[in-house]
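Since the structure comes first, as structure tokens, the remarks are kept for the end.
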Number of protein chains: 2
Amino acid sequence: MDLKEKVRVVENFPSEGISFKDITTLLKDADGLKNCIDQLVDRFKNEKVDLVIGPESRGFIFATPIAYLIGAGFVPVRKPGKLPAETIKSEYALEYGSDSLEIHKDSIQKGQKVLIIDDLLATGGTMETACKLVEQLGGEVVGLGFLIELDELKGRNKLSKYKVESIIKY
Amino acid sequence: MDLKEKVRVVENFPSEGISFKDITTLLKDADGLKNCIDQLVDRFKNEKVDLVIGPESRGFIFATPIAYLIGAGFVPVRKPGKLPAETIKSEYALEYGSDSLEIHKDSIQKGQKVLIIDDLLATGGTMETACKLVEQLGGEVVGLGFLIELDELKGRNKLSKYKVESIIKY
């Protein structure tokens with residue numbers, strides 16, 4: 001199945017000059033949705049995984065079905081102020097300014113094996129931050145999975161100490 | 001399995017006087033996650049469903065595994081400005097002010113059968129708005145599923161023309 005063909009490219013969104021990869025056209029197709037989730041599961045079938053983490057909010061879309069299918073739990077990484085209990089936070093740089101992500105302090109037990117899934121690997125900033133949070137809590141990152149990878153942004157270089165898998169490349 | 005026991009209640013979040021139902025403690029438990037998704041799937045097993053819709057962002061957590069399991073597509077309903085292609089929008093009232101939700105215009109074909117899933121049924125405002133968007137596009141709402149229902153807020157009354165199912169009640 002050609003998954004790339006099901007992705008819609010929207011020019012100049014969210015800002016001038018950006019070619020946005022719109023995955024909603026893929027996700028609304030039942031076969032497309034099943035195929036991309038099955039492929040992500042397959043890439044990590046040899047890893048023992050206790051928890052699957054998805055960064056808010058498109059990471060949630062893929063992380064929970066994968067957690068369900070491999071028999072793991074799901075843990076959200078969220079924007080500041082959304083998680084109700086005690087959290088740790090990590091900042092990351094954006095082109096202009098910075099942003100940060102939070103995770104519940106009690107969401108990972110020391111030594112638990114963690115797979116992190118997101119829709120898109122661009123510069124790798126979000127994922128690097130998510131890995132930092134997991135490791136701060138004593139979790140072991142056993143893999144990073146993406147539906148789409150934007151090759152020319154070289155986000156993979158920032159994540160070179162991890163097993164990185166992506167399904168569709170641009 | 002007592003799912004309610006796995007939900008953490010956080011007092012005074014996000015504001016004074018609110019007893020927040022924190023589902024992250026349930027979701028990180030692999031058996032809890034599997035059980036609540038299986039129960040939601042079971043409640044709608046007699047409906048023919050083409051698309052499962054989840055409102056941003058906690059709706060995504062449950063809508064995609066359910067879509068995968070029943071062989072449907074997934075469609076996101078999002079906060080304004082997040083969806084890249086042409087959308088329709090609907091406003092809903094909050095205690096103070098209003099908010100709105102968007103859906104892609106081409107996300108539903110006329111006559112498609114739609115199941116909408118969210119984490120929480122409180123006053124029902126979000127879900128009522130999501131139903132309106134689906135029906136404006138010609139979709140048929142065949143059911144509404146929630147992990148948690150706050151009985152005393154009577155959100156169910158607002159949704160009385162639909163089949164409403166919830167797994168955990170407060």
Side-chain angles (χ1 to χ4, degrees), chain A residues 8-14 18-34 36-38 41 49-54 56-76 78-79 81-86 103-104 106-109 112, chain B residues 8-14 18-34 36-38 41 49-54 56-76 78-79 81-86 103-104 106-109 112:
Chain A
R8 164 167 57 192
V9 179
V10 180
E11 300 299 340
N12 302 314
F13 183 91
I18 307 229
S19 258
F20 188 83
K21 309 304 181 284
D22 176 16
I23 58 172
T24 65
T25 41
L26 165 61
L27 300 176
K28 74 176 177 182
D29 177 308
D31 295 332
L33 176 69
K34 183 172 185 331
C36 68
I37 289 168
D38 287 343
V41 166
V49 176
D50 298 307
L51 296 170
V52 181
I53 285 186
E56 179 172 9
S57 58
R58 283 195 300 259
F60 292 2
I61 292 174
F62 301 99
T64 42
I66 292 171
Y68 178 99
L69 291 167
I70 67 177
F74 164 74
V75 170
R78 301 203 66 174
K79 310 266 164 67
K82 301 285 194 77
L83 291 170
E86 213 185 336
I103 192 169
H104 270 147
D106 64 358
S107 61
I108 301 173
Q109 285 166 43
Q112 280 193 304
Chain B
R8 165 167 58 190
V9 178
V10 180
E11 300 299 339
N12 303 314
F13 184 90
I18 306 228
S19 257
F20 188 84
K21 309 305 181 284
D22 176 15
I23 58 173
T24 64
T25 39
L26 165 60
L27 301 176
K28 75 176 177 182
D29 177 309
D31 295 332
L33 175 69
K34 183 171 186 328
C36 68
I37 288 169
D38 287 344
V41 166
V49 176
D50 298 308
L51 296 171
V52 182
I53 286 187
E56 179 171 9
S57 55
R58 284 194 301 257
F60 294 1
I61 293 174
F62 301 98
T64 43
I66 292 171
Y68 178 98
L69 291 167
I70 66 178
F74 164 74
V75 170
R78 302 203 65 175
K79 310 266 164 66
K82 301 286 193 74
L83 291 169
E86 213 186 334
I103 193 168
H104 271 146
D106 64 358
S107 61
I108 301 174
Q109 286 167 42
Q112 279 193 306

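The basis for the numbers below is simple: all heavy atoms, side chains too, and nothing from hydrogens, waters or symmetry mates. Just so we're on the same page: letters track the sequence lines, and every chain starts at 1.
Between chain B and the options R78(A), R8(A), K82(A), heavy-atom pairs under 4.5 Å are most frequent for R8(A). Between chain A and the options N12(B), T24(B), T25(B), the largest number of non-hydrogen pairs under 4.5 Å is found for T24(B). Among the candidates A72(B), A67(B), G73(B), the residue making the largest number of heavy-atom pairs closer than 4.5 Å to chain A is G73(B). Highest contact tally toward chain B, considering only V10(A), L26(A), L51(A), D22(A), is held by D22(A) [criterion: heavy-atom pairs under 4.5 Å]. Ranked by heavy-atom pairs under 4.5 Å with chain B, the list D38(A), I53(A), I70(A) is led by D38(A).
Of the atoms belonging to F60(A), heavy atoms from both backbone and side chain fall under 4.5 Å from chain B. With a threshold of 4.5 angstrom between heavy atoms, Y68(A) approaches chain B through its backbone and through its side chain. Neither the backbone nor the side chain of D31(A) comes within less than 4.5 Å of any heavy atom of chain B. Looking at I61(A), both its backbone and its side chain come within 4.5 Å of chain B, counting heavy atoms on both sides. When heavy atoms are compared at a cutoff of 4.5 Å, P84(A) approaches chain B by way of both its backbone and its side chain. Looking at L69(A), the atoms closer than 4.5 Å to chain B (heavy atoms on both sides) all sit in the side chain, from C-beta outward.
Summarising the geometry of S107(A) relative to I103(A), their closest heavy-atom pair is OG-CG1, 3.4 Å, with the distance given to 0.1 Å.
Note that SG of C36(A) and CD1 of I23(A) are 7.5 Å apart. Values are rounded to the nearest 0.5 Å.
Taking 4.5 Å as the limit, every side-chain heavy atom of F74(B) sits out of range of all side-chain heavy atoms of I37(A). I66(A) is not listed as a side-chain neighbour of V49(A), based on a closest heavy-atom distance of 4.5 Å or more.
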Verdict with reasoning, D50(A) to Q109(A), per side chain to side chain contact (heavy atoms under 4.5 Å, CB included):
CA-CA 10 Å; D50(A) 298 307; Q109(A) 285 166 43; over 6 Å; no
Test log, rule side chain to side chain contact (heavy atoms under 4.5 Å, CB included), inputs F62(A) and L27(A):
CA-CA 10 Å; F62(A) 301 99; L27(A) 300 176; 3.8 Å; yes
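Within a 6.0 Å sphere centred on CD of E86(A), other residues, nucleotides and ligands contribute 12 heavy atoms or fewer.
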